[in-house]
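Start at 1 with the first residue, then count along the sequence. Keep in mind that this is a model prediction, so the values were computed, not measured. Heavy-atom basis, side chains included; hydrogens, waters and symmetry copies ignored.
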Amino acid sequence: MSSASDPLVALAGLPGVADSVDSVRKAVDRVYGHRVMRRRSGEITSEAALRGARGSAALSGADWALEEVRRRTDFGAEPEALTVGAALRLTAEAGQLLSIWRQSPLRVLARLHLVAVGSTAEGDVVGRPRLAGEPVAEPLVEAPLPSADEVAGRLDGLSRLIIAGGSAPALVTAAVVHGELLALRPFGSYNGLVARAAERIVLINSGLDPKAICPAEVGHAEQGTEAYLAAFDGYLSGTAQGMAAWIAHCGRAIELGVRESTAVCEALQRGAA
């Protein structure tokens, strides 16, 4: 597929994007080359999942300490606890959906929303894009909501891009999937969590992070809500500069996730974890 017919490849050619792609690849290669990864990669994966879920929940308003997330077993009716529980379930579920993603991304997104909600309390609005007039609970993002018809059309376009594949770098594809889902907010709830889980799926499924040890969610949270929303405004603008800034922000998030897992590797090597 040529860059003329693949918008993701065209985005990869924006100024500065190639540098972000190269920087991310080098960072990921370094952590995969760590000696601890040869014998304890499963532990790194588990810890990355926990820390990624904590980071995603923090961006959705539930900024709990890591040890509190690790300790808790009850994620009942209190709003922050529900958010943390949803983030943990999504992180666990993402790895189970990899084989479906390239064939039916919309089915995966529906499943992610079902998993995030975790019950049938919301009735038939769970696991499907919203209809005209249905509300959306997404306090972090204040941008105008696209109409239900626009959501349906753009989801279909995103699905076609994913199914078609192409040669765009994983970072670019992951950033666009994340940004588009956050822009559309297709579900009645938990859209931010779903968008970041979908980003995780792309990074794993692309082969960039096959063992899921580079939690971008950690980096998004570490950069802070203000920076996250400022970069997302760039995505919403649709300009070359704005899109490049969003992709660079997502690249930096992955690098910070790599730094987190590298620290876990070092702690395990010292016998401190």
Side-chain angles (χ1 to χ4, degrees), residues 1 6-9 11 28 41-42 44-46 48-50 52-53 55-57 60 85-120 122-131 148 151-217 220 250 253-254 257:
M1 183 178 290
D6 186 345
L8 297 179
V9 172
L11 289 174
V28 172
S41 64
I44 309 302
T45 297
S46 295
L50 182 72
S56 191
S60 286
L88 288 166
R89 290 192 299 273
L90 282 172
T91 303
E93 186 73 10
Q96 309 303 313
L97 299 171
L98 301 178
S99 63
I100 307 171
W101 176 251
R102 291 297 282 268
Q103 286 74 43
S104 185
L106 297 185
R107 180 180 162 196
V108 170
L109 293 176
R111 175 62 184 168
L112 289 174
H113 188 241
L114 281 165
V115 168
V117 173
S119 74
T120 58
E122 295 185 22
D124 65 358
V125 303
V126 178
R128 64 156 174 79
R130 56 187 166 83
L131 303 178
V151 168
R154 286 170 64 175
L155 280 178
D156 181 66
L158 184 64
S159 175
R160 290 174 182 272
L161 275 177
I162 293 164
I163 292 170
S167 58
L171 167 60
V172 174
T173 304
V176 168
V177 167
H178 181 171
E180 190 70 354
L181 292 174
L182 204 58
L184 295 178
R185 283 148 288 162
F187 303 110
S189 59
Y190 295 125
N191 288 287
L193 294 180
V194 168
R196 291 184 288 275
E199 179 185 47
R200 167 180 282 266
I201 288 172
V202 173
L203 295 173
I204 299 169
N205 210 28
S206 67
L208 177 66
D209 182 23
K211 294 184 183 293
I213 62 167
C214 306
E217 306 96 322
H220 286 304
C250 291
I254 297 169

V117 vs S189 side-chain heavy atoms within contact, under 4.5 Å: yes
Can you tell if the side chain of L97 reaches within under 4.5 Å of the side chain of L112, non-hydrogen atoms only? yes
Minimum-distance pair of heavy atoms, taken over all atoms of A198 and L181: CB-CD1, 3.7 Å
Main chain of C214, side chain of D209: is a donor-acceptor contact present, judged purely on distance under 3.5 Å? yes
Check: R154 side chain, V151 main-chain N or O, donor-acceptor pair, under 3.5 Å: no
Parallel, tilted or perpendicular, judged at 30° and 60°: which one describes the rings of H113 and F187? parallel
Minimum heavy-atom separation for G127 and L114, please, with both atom names. CA-CG, 3.9 Å
Is I213 close to V28 at the side-chain level, that is, under 4.5 Å between some pair of heavy atoms? no
In this structure, CG of N205 is separated from OG of S99 (nearest 0.5 Å) by 8.5 Å
Over all atoms of both residues, closest heavy-atom pair of L182 and G192: CD1-CA, 3.8 Å
Ignoring hydrogens, what is the shortest heavy-atom contact between L131 and A148? Give both atom names and the distance. C-CB, 3.7 Å
Indicate yes or no: at least one non-hydrogen side-chain atom of R111 is less than 4.5 angstrom from one of V115. yes
Pairwise distance CG(L106) to CD1(I100) - rounded to 0.5 angstrom: 12.5 Å
Residues K211, I44; criterion side-chain contact (heavy atoms from CB on, under 4.5 Å); working and verdict: CA-CA 9 Å; K211 294 184 183 293; I44 309 302; over 6 Å; no
Going by heavy atoms in the side chains, are V108 and L98 under 4.5 Å from each other? no
Sub-4.5 Å side-chain heavy-atom contact between R102 and I162: yes
Among R200, E199, R196, find the one that has a side-chain hydrogen bond (donor to acceptor under 3.5 Å, both in side chains) with S56. R196
Hey, does the side chain of S206 reach the backbone of L203 with a donor-acceptor pair shorter than 3.5 angstrom? yes
So do L155 and L109 actually touch side chain to side chain, heavy atoms under 4.5 Å? yes
If you define the side chain from C-beta out and look only at heavy atoms, does anything of V177 sit under 4.5 Å from E180? no
Between A212 and A48, what is the shortest heavy-atom contact and its length? O-CB, 3.5 Å
I'd like to know if the side chain of T45 reaches the main chain of S41, judged simply by a donor and an acceptor atom lying under 3.5 Å from each other, with no hydrogens or angles considered. yes
On a heavy-atom basis, which atom in A87 and which in A53 lie closest, and how many Å separate them? CB-O, 3.4 Å
Distance (rounded to the nearest 0.5 Å) between L11 CG and D6 CG: 9.0 Å
Measure from the side-chain N and O atoms of S46 to the backbone N and O of G42, and report whether any donor-acceptor pair falls under 3.5 Å. yes
